[in-house]
2 protein chains.
Amino acid sequence: MTDHLDARIQKSQTAIMKAGMELLSKNREASFSDIARAAGVGRTTLYRLYDTREKLIKAVAIHCLEAFDKTTEHLESEAESALQAFHLMFKAIFPLSAEMEFLMKLGDFNEDDPELTAIYEKQESEIATLVEYAKSEGSLSKKLPTSWVVNLVEGLLYTSWLTKNAESIDHDTLADLAFHTFCNGVAR
Amino acid sequence: MTDHLDARIQKSQTAIMKAGMELLSKNREASFSDIARAAGVGRTTLYRLYDTREKLIKAVAIHCLEAFDKTTEHLESEAESALQAFHLMFKAIFPLSAEMEFLMKLGDFNEDDPELTAIYEKQESEIATLVEYAKSEGSLSKKLPTSWVVNLVEGLLYTSWLTKNAESIDHDTLADLAFHTFCNGVAR
DNA sequence: GCATTATGATACAAGTATGTTCCATAAAGT
DNA sequence: ACTTTATGGAACATACTTGTATCATAATGC
């Protein structure tokens, strides 16, 4: 008896995760049959690994949120200033466009599930801490509410996502645009 | 035989529009039964006025898009500068938070329906024109792509919407924050 | 007041998603 | 090699949603 996950389960899980993320992003009403077919596994396997449709969606959401967490947790130590940390954050998040799209299309997990809410609020508060630090460092305006700046980060990611969908712009360029706008706005 | 709409139809339509906007914002999978109950009309009436579920959603979407159009169409003539037009735009849009929420939760009508896409792209191009004008006026940076600035407007509305949901901030204050960030960013 | 017309309730048919159970098979672990 | 375990397919029950048809009732227009 080991706690090592059976290779078959692991394979199924990653395939389901990937297919679920893509299908549910495109169409929130995608059925278990659809997801199973796209993942290349039997419908029964979905029910075996995730009891219900709701639980699968929650599992995918947690997976996405944790991907964000993993990507952003080392930023503060790598950056030399709080401002630069935001720049690194914009750059780091773009490889997670699939995860970002899923979370954006999902909408308010805010109200749905306490566990998801907890993870989400934890990440929000980490950004809030960074904002407060930047304020004390003197690099961010102290007149603006912290919550506004925190949500602005999300809003700029949304802006980037819109722009990326319409035009094919380089990820790094997009991150630079977001960071520049974050700091200076768009006025001349 | 008049082309005046029967008062009963009008009453039903507005009730359905309102209920549809609210319910479908909260839960995209809301059924016709749910919407009918919330609107206080019979399910049959929904099918009579809007043939199918898809057509109802499309009707609500058009209603929302046109509400935006109506609100923003006179801005250019009222504003004294292109920049000020953006300020007025942020202020004008906040009363339409229900419409905004519906459209945001709806996601890509971009790919769904050519008619919706047409209206949406028309509005986008109107903003693009305004951006180009502001650039020529010298009030917006010419280095930034027009599409980025256009999407930034949407992104700042999204930011405002997030902030409004979390904290209870005055609409006008929120519009000022959005405009200030639009122009100058958040750096000190 | 009277004819017209929208309404809501009910019943109905068809389709589809959900979730469960069982079993032979194949792939993993040891 | 041998045992254990995950898998996929099939069959099945249930529930729900969609969409249509009918009809008595009530509100509207004139």
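What you see is a predicted model, and the numbers here were worked out from it, not measured in a lab.
Between the side chain of B:Lys91 and the backbone N or O of B:Ala175 there is no donor-acceptor pair closer than 3.5 Å. Remark: side-chain polar atoms of B:Arg28 are paired, donor with acceptor, to backbone N or O of B:Leu106 under 3.5 angstrom.
Rounded to whole Å, atom C1' of C:dA26 lies 12 Å from atom CG of A:Asp6. Rounded to a whole Å, the NZ atom of A:Lys11 is 7 Å from the P atom of C:dA28. In this structure, CZ of A:Arg28 is placed 17 Å from C1' of C:dA17, rounded to the nearest angstrom. Atom pair B:Gln13:CD and C:dT7:P shows a separation of 9 Å (rounding to whole Å applied). Atom CG of B:Leu49 is separated from atom P of C:dA6 by 9 Å (rounded to the nearest Å). As rounded to whole Å, 13 Å separates atom C1' of C:dT18 from atom CD1 of A:Ile57.
Side-chain atoms of A:Glu167 and B:Ser147 include a donor-acceptor pair closer than 3.5 Å. For the residue pair B:Glu137 and B:Ser81, no side-chain donor N or O sits within less than 3.5 Å of a side-chain acceptor on the partner.
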One character per nucleotide, please: for nucleotides 8-21 of chain D, 5' to 3', B when the base has a protein heavy atom closer than 4.0 Å, S when only the sugar-phosphate does, - otherwise.
BBBB-----SBBBB
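Under a 4.0 Å N-O distance rule, the pair A:Glu22/A:Lys18 qualifies as a salt bridge.
No donor-acceptor contact under 3.5 Å links the side chain of A:Arg8 to the base of C:dA28.
Using a 30° and 60° split on the angle between ring planes, B:Phe182 and B:Phe86 fall in the tilted class, from 30° to 60°.
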